[in-house]
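Let me begin by presenting the structure, written as structure tokens, before commenting on it.
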Amino acid sequence: MNKRRAQILIPSVLVIPSLLIFVYLLFETTKVSREKIRQQFATDSAAFIQMGDYTNFLNRTAYVNGAFPYRIFKEIFDCSYGDGAILKKTDDSGEICEYKMLYEAGNFPKYYQDVERHEPANLDKESKWRIEFDPTHRPGINKPHEEIQVDDELIFIRDTQASKIFIFWDPAIETYKKYAQVYSVLGTVEESQMSVFERLTERMNFFKKSFYLNAATKECLDNPELCGNDGLTLGTPNFRKWHRGSDMKTHFIKRIKFWALHMKTGLGFGYDRVKTNPPLEMPEPGLFQVTTVSSDVLDKIGRGYQIYQTWDPGSNYFNVNLMQYANCGPYTSKPCVHATITSQCPLLNTDKNNCVWPNPTPKYQTRLYP
């Protein structure tokens with residue numbers, strides 16, 4: 001019996017240390033895995049929150065470019081549905097709605113299948129909102145950022161229209177005032193949201209603060225201002241501030257002129273066609289028309305910004321330097337977690353993710369990928 005106990009004792013002496021080593025290995029592995037999961041969650045949350053600023057700006061700009069002026073001017077100038085006037089033609093051949101006359105002059109965009117004297121089209125189910133200016137007199141305005149052409153001068157009511165339609169001087173002045181007021185407000189709204197967007201992306205504070213609150217690494221606690229900097233700088237392309245004039249641009253008109261009918265003075269009867277002379281000057285920087293964003297910038301944000309956030313696995317019981325086995329080359333010699341964050345619209349694969357202008361479709365969504 002004693003011999004049998006001795007036979008059991010020898011394996012036990014060997015198994016117990018092995019079991020202890022296994023327990024230590026399991027503990028250290030769990031500790032590293034837990035930290036990696038925490039860093040991944042912090043990085044994913046920070047990237048998603050920061051990308052929300054870009055998505056909001058793109059959607060709001062798309063609304064200001066297309067849906068807002070379309071619906072506002074339809075309600076102001078469309079006949080039957082809105083408050084627009086029905087204008088008689090000078091040759092007694094019929095009548096024309098003020099809404100149609102102004103659209104054909106190139107003053108505002110509308111949905112290409114809009115039905116005159118009916119409610120605005122419901123575009124919720126459309127993947128592409130074809131809201132556009134009449135290109136007859138403004139052929140360069142329905143083009144993307146790199147090709148758009150917006151002349152300094154807008155002819156609000158054209159000479160040919162004034163010769164064929166009974167549009168009189170005083171009503172024309174009132175119509176112009178309504179038009180200028182609406183686009184002045186839209187321009188103020190766009191300037192405000194662009195300024196807010198620039199402030200929010202100046203230093204990417206939402207990314208840094210979110211990462212700080214969720215990761216709480218020693219580096220973040222010691223230097224809050226530097227928290228999350230690796231995630232903002234290591235990847236290509238990565239989060240960056242968009243610059244006016246190159247990455248995004250607001251287009252204005254400087255002057256407006258129009259023709260209208262004015263009753264003859266003196267002994268004559270009938271009407272003369274008169275025009276604004278000189279043209280009406282718009283206050284600086286001009287009267288807002290549209291905002292465009294670079295096709296390259298939109299394509300890159302649609303394909304994804306790359307986030308590589310480093311983290312420190314710390315020491316371990318076995319004194320193994322995990323840095324050399326889990327480095328995030330070629331960006332850094334440290335371990336890191338990765339995320340691809342995007343802002344995508346339905347035109348990602350057809351128009352390089354451009355749903356801002358033309359075809360302003362406010363359907364950008366923030367999406368996170370591994």
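Just so you know, residue 1 is the first one in the sequence shown, and it goes up from there.
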May I ask you to decide if Thr136's main-chain N or O and Asp134's side chain share a donor-acceptor pair within less than 3.5 Å?
yes
Please check this pair: side chain of Asn353 against backbone of Cys345, looking for a donor-acceptor N/O pair closer than 3.5 Å.
yes
Roughly how far, to the nearest 0.5 Å, is CZ of Arg203 from OG1 of Thr201?
12.5 Å
Going by the angle between their ring planes, with limits at 30° and 60°, are Tyr111 and Tyr70 parallel, tilted or perpendicular?
tilted
Please find out if less than 6.0 Å separates the ring center of Phe73 from that of Tyr183.
yes
Determine, for Asp296 against Lys300, whether the closest basic-nitrogen to carboxylate-oxygen distance falls under 4.0 angstrom.
yes
Sub-3.5 Å donor-acceptor pair from the side chain of Asn107 to the main-chain atoms of Leu102, do we have one?
yes
Using modelled atom types only, decide if a donor and an acceptor are shared between the side chain of Gln40 and the backbone of His338 within a distance under 3.5 Å.
yes
The test is side-chain contact (heavy atoms from CB on, under 4.5 Å); show your working for Ile167 and Trp259 and say whether it passes.
CA-CA 9 Å; Ile167 175 70; Trp259 276 262; over 6 Å; no
Judged by atom type as modelled, is there a donor-acceptor pair below 3.5 Å linking the side chain of Gln365 to the main-chain atoms of Gln344?
no
Looking only at atom types and distance, does a side-chain atom of Thr90 sit under 3.5 Å from a main-chain N or O of Phe166, one as donor and one as acceptor?
no
Could you go through Asn65 and Val356, starting from their C-alpha distance and side-chain angles, then the distance that decides it, and tell me whether this counts as side-chain contact (heavy atoms from CB on, under 4.5 Å)?
CA-CA 7 Å; Asn65 281 345; Val356 178; 3.7 Å; yes
Verify the distance criterion only: is there a donor paired with an acceptor across the side chains of Thr332 and Thr310 at less than 3.5 Å?
no
For Glu75, look at atom CD and say whether over 12 heavy atoms of other residues, nucleotides or ligands are found less than 6.0 Å away.
no
Check: Thr361 side chain, Lys363 main-chain N or O, donor-acceptor pair, under 3.5 Å:
no
Using the side-chain contact (heavy atoms from CB on, under 4.5 Å) definition, which of the options Ile49, Asp53, Ile307 pairs with Phe207?
Ile307
Tyr179 and Phe108 aromatic centres sub-6.0 Å
no
Lys/Arg N to Asp/Glu carboxylate O, Glu35 vs Arg38, below 4.0 Å
yes
Donor-acceptor pair, distance only, cut-off 3.5 Å: does the side chain of Arg130 make one with the backbone of Tyr112?
no
Under 30°, 30 to 60°, or over 60°: which ring-plane class applies to Phe239 and Tyr305, parallel, tilted or perpendicular?
perpendicular
Could you tell me whether Glu104 and Arg158 have a side-chain N and a carboxylate O separated by less than 4.0 Å?
no
Could you check whether His118 and Tyr81 have their ring centres less than 6.0 Å apart?
no
Over 12 non-hydrogen atoms of neighbours within 6.0 angstrom of CD in Glu119
no
Count I, L, V, M, F, W, Y as connected when their side-chain heavy atoms are under 4.5 Å apart, and connections chain through other members. Are Val182 and Val64 then in the same cluster?
yes
Taking the six-membered ring for Trp and the full ring for Phe, Tyr or His, determine whether the centres of Tyr103 and Phe77 are under 6.0 Å apart.
no
Is it the case that atom CD in Glu191 sees more than 12 heavy atoms from other parts of the structure closer than 6.0 Å?
yes
Sidechain N-carboxylate O distance under 4.0 Å for Lys275, Asp159:
no
At what distance, to the nearest 0.5 angstrom, does CG of Leu154 lie from CG of Asp152?
11.0 Å
Using a 3.5 Å distance criterion without hydrogens, assess whether the side chain of Trp129 forms a donor-acceptor pair with backbone atoms of Leu123.
yes
Considering residues, nucleotides and ligands other than Arg240, do more than 12 of their heavy atoms fall under 6.0 Å from its CZ?
yes
Okay, side chain of Asp78, backbone of Arg117: is any donor-acceptor separation there less than 3.5 Å?
yes
Is Leu280 reachable from Phe168 through a run of hydrophobic residues whose side-chain heavy atoms are each under 4.5 Å from the next?
no
Could you see if Leu213 belongs to whatever hydrophobic cluster contains Phe48? Use Ile, Leu, Val, Met, Phe, Trp, Tyr and a side-chain cutoff under 4.5 Å.
no
Does NZ in Lys254 sit with more than 12 non-hydrogen atoms of other residues, nucleotides or ligands closer than 6.0 Å?
yes
CG on Asp83 to NZ on Lys178, rounded to 0.5 Å
7.0 Å
Derivation of the side-chain contact (heavy atoms from CB on, under 4.5 Å) call for Thr217 and Gln39
CA-CA 9 Å; Thr217 61; Gln39 296 296 321; 3.2 Å; yes
Should Ile76 and Ile86 be counted in the same cluster of Ile, Leu, Val, Met, Phe, Trp and Tyr side chains packed under 4.5 Å apart?
no
Electrostatic pair Glu190-Arg244, nearest N-O below 4.0 angstrom:
no
Does a sphere of radius 6.0 Å around CG in Asp92 hold more than 12 heavy atoms from other residues, nucleotides or ligands, not counting ones at 6.0 Å or beyond?
no
Can you establish whether the number of heavy atoms outside Phe41 located under 6.0 Å from its atom CZ is more than 12?
no
Should Ile341 and Tyr369 be marked as a side-chain contact (heavy atoms from CB on, under 4.5 Å) after you check the CA-CA gap, both sets of side-chain angles, and the distance that decides it?
CA-CA 6 Å; Ile341 189 70; Tyr369 299 93; over 6 Å; no
Starting from Ile131, can I reach Ile148 by hopping between I/L/V/M/F/W/Y residues whose side chains sit under 4.5 Å apart?
yes
